[in-house]
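Everything on this sheet refers to the single structure shown next.
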2 protein chains.
Amino acid sequence: MTAFSRLADPAHPAIRRLAALAPLDPSARTALADAALRSRALRPARELLAEGAPIANPLLILNGWAARVRFLTDGRRQIMSLLLPGDLIGNCRHSRPLSVSTIVALSPLTVCAAPSPGSPSLEEAYHVSHALDEAYLLAQITRLGRFSAEERVVDLMLELRDRLTLCGLVSDGGFAWPLTQSALADTLGLTPVHVNRTLQQLRRRGEVVLRAGRLQLTDPAELIHRVGHITAHVTATQS
Amino acid sequence: MTAFSRLADPAHPAIRRLAALAPLDPSARTALADAALRSRALRPARELLAEGAPIANPLLILNGWAARVRFLTDGRRQIMSLLLPGDLIGNCRHSRPLSVSTIVALSPLTVCAAPSPGSPSLEEAYHVSHALDEAYLLAQITRLGRFSAEERVVDLMLELRDRLTLCGLVSDGGFAWPLTQSALADTLGLTPVHVNRTLQQLRRRGEVVLRAGRLQLTDPAELIHRVGHITAHVTATQS
DNA sequence: CGGCCGTTTGATGGAACTCAATCTACGTGG
DNA sequence: CCACGTAGATTGAGTTCCATCAAACGGCCG
């Protein structure tokens with residue numbers, strides 16, 4: 001199947017990410033390839049885990065983007081984090097985990113059950129992945145708490161670029177951008193209208209090129225400097 | 001010493017919290033009591049862990065409040081989470097952890113080294129504590145992203161009340177409130193001036209009583225309903 | 001073609017910020 | 001014992017950023 005052949009390829013996004021977090025031994029790679037055989041495809045806006053539901057077993061994102069969302073009683077929504085290929089869902093280690101948020105697909109999505117870490121190298125990769133998740137939550141908090149609308153947009157774009165670089169999904173300095181302006185608004189604590197205006201400013205100044213579902217940052221270094229963006233580092237040996 | 005006698009007391013805040021997360025066996029309790037013998041005291045505003053510093057070993061908060069802070073280059077600050085008695089600092093499980101945020105004391109603080117989990121019951125308590133930490137981060141994100149100033153203040157007060165209840169530090173419906181309005185502003189993504197005005201509204205309406213370093217919520221149930229506050233539950237057997 | 005989703009634009013209002021000054025409580029030293 | 005300094009809380013006036021409301025536009029698919 002395509003799923004298998006792509007996973008067997010060392011260049012597959014999800015594997016590339018996990019291998020970048022901790023060097024994977026062959027048994028870990030085959031475990032991942034096996035797991036990917038039973039992959040599941042989901043349409044955008046499809047819910048794949050409800051808040052409060054018990055977590056059967058962790059999932060691994062193979063392709064596409066998803067989000068952890070919280071719905072307020074009056075219809076407001078907050079996307080708490082974005083989930084990209086190679087990210088894990090429900091990756092926690094205490095005995096009776098409950099989902100604390102809903103997961104929705106933001107694009108066509110394929111997921112599989114995350115193989116339980118038989119090898120220490122895969123376990124380490126999971127742990128590092130979890131630590132990175134937390135770092136992204138902290139970054140999200142400072143974005144929402146102290147950044148202006150423009151800073152929020154730019155900082156998030158830089159974070160996504162960093163993360164997609166880990167799984168080799170950045171080419172020519174650009175990457176796929178499946179987010180609607182509405183989803184971006186729910187992520188950044190803004191209204192869709194204001195997100196639109198902010199994006200246009202960035203476009204008019206030539207700082208971002210965003211069209212046809214692809215995003216290019218014209219001068220990433222300048223943007224990093226401007227918003228004081230911090231790249232979450234992994235302490236494990238990179239690559 | 002006082003530190004010992006108070007920890008030996010099963011009613012000590014830090015132990016009460018951990019015991020509430022997972023029933024602790026006697027060996028876990030003595031390990032905690034031993035650790036508390038070597039406790040360290042810190043003054044308010046004292047930094048106890050710098051961002052980017054390697055984490056020697058996890059710490060346990062015995063008394064007082066602390067905060068995980070991020071400083072921006074232009075002087076803005078964001079408090080990402082508050083740390084209360086019984087909370088752990090640097091409680092993560094991958095091989096080479098780096099601190100991703102600075103920790104500062106917000107009140108007179110005593111901490112000790114968190115005993116490494118020899119017993120499975122203590123390990124479970126640590127894991128649940130870590131899961132709760134993450135739930136609080138998610139709550140913080142929705143506060144900052146989608147709540148108005150008043151909702152933020154109320155929701156945070158309710159969360160702190162929940163958390164302090166876990167360690168038995170709520171009495172007569174009220175609890176110690178060491179936060180300056182400035183610290184509250186840095187937590188909630190507001191300015192001190194606006195926090196002040198928001199607090200006064202709540203006071204004038206008689207919804208909170210805040211004076212002499214103590215906070216009382218007049219009608220918690222009503223406030224919970226109003227802001228749609230969600231109590232992060234622990235799946236482990238409570239109490 | 002027509003409906004829908006996502007984007008774009010305009011006009012207006014309001015929540016929160018900024019700047020600046022005053023007030024209070026408290027500790028410290030002359 | 002009082003003068004002083006400082007940290008935190010309070011108040012006022014003016015401003016800005018972002019939300020709200022409303023409508024139009026564009027592409028895509030049935």
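In what follows, every chain begins at residue 1, and chains take the letters A, B, ... in the order their sequences are listed.
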Can you give me the N/O atom pairs linking the protein to nucleotides 5-12 of chain D at distances under 3.5 Å, or say none if there are none?
unit_1 : atom_1 : unit_2 : atom_2 : d
D:dA9  : OP2    : B:Q181 : N      : 2.8
D:dT10 : OP1    : B:R203 : NH2    : 3.2
D:dT10 : OP2    : B:Q181 : NE2    : 2.7
D:dT10 : OP2    : B:N196 : ND2    : 2.8
D:dT10 : OP2    : B:R203 : NH2    : 3.0
D:dT10 : O5'    : B:N196 : ND2    : 3.3
D:dT11 : OP2    : B:Q200 : OE1    : 2.5
D:dT11 : OP2    : B:Q200 : NE2    : 2.7
D:dG12 : N7     : B:R197 : NH1    : 3.3
D:dG12 : N7     : B:R197 : NH2    : 3.4
D:dG12 : O6     : B:R197 : NH2    : 3.1

Atom CG of A:L190 and atom P of C:dT8 are separated, to the nearest Å, by 16 Å
Measuring only between side-chain heavy atoms, which start at C-beta, is A:L88 closer than 4.5 Å to A:D133? no
_Quick check: do B:R17 and B:S129 have side-chain heavy atoms less than 4.5 Å from each other?_
yes
Side chain to side chain contact (heavy atoms under 4.5 Å, CB included) test vs A:R203 passes for just one of A:Q201, A:Q200, A:R205, A:E207, namely A:Q200
Do B:W65 and B:L164 come within less than 4.5 Å of each other through their side chains, counting heavy atoms only? yes
Rounded to whole Å, CG of A:D186 lies from P of D:dC18 at a distance of 17 Å
### Message
Taking any heavy-atom pair under 4.0 Å as a contact, classify A:G189: base, sugar-phosphate, or nothing.
### Response
sugar-phosphate
In whole angstroms, the gap separating C1' of C:dA15 from CD of B:Q201 amounts to 11 Å
A:R77 atom CZ is separated from D:dA19 atom C1', nearest whole Å, by 18 Å
Expected list for residues 137-157 of chain B near DNA chain C, using heavy atoms below 4.0 Å, is B:S148, B:A149
Contact between B:W177 and B:L184 at the side-chain level, heavy atoms closer than 4.5 Å - yes or no? yes
Rounded to whole Å, the CZ-C1' distance (A:R76 to D:dC18) equals 15 Å
Note to self: When you compare the side chain of A:L60 with that of A:L18, does any pair of heavy atoms fall below 4.5 Å?
What the structure shows: yes
Hey, does the side chain of A:R146 reach the backbone of B:Q78 with a donor-acceptor pair shorter than 3.5 angstrom?
no
Discussion item. Quick check on A:R38: does its CZ atom have over 12 non-hydrogen neighbours (other residues, nucleotides or ligands) under 6.0 Å away?
Written reply: no
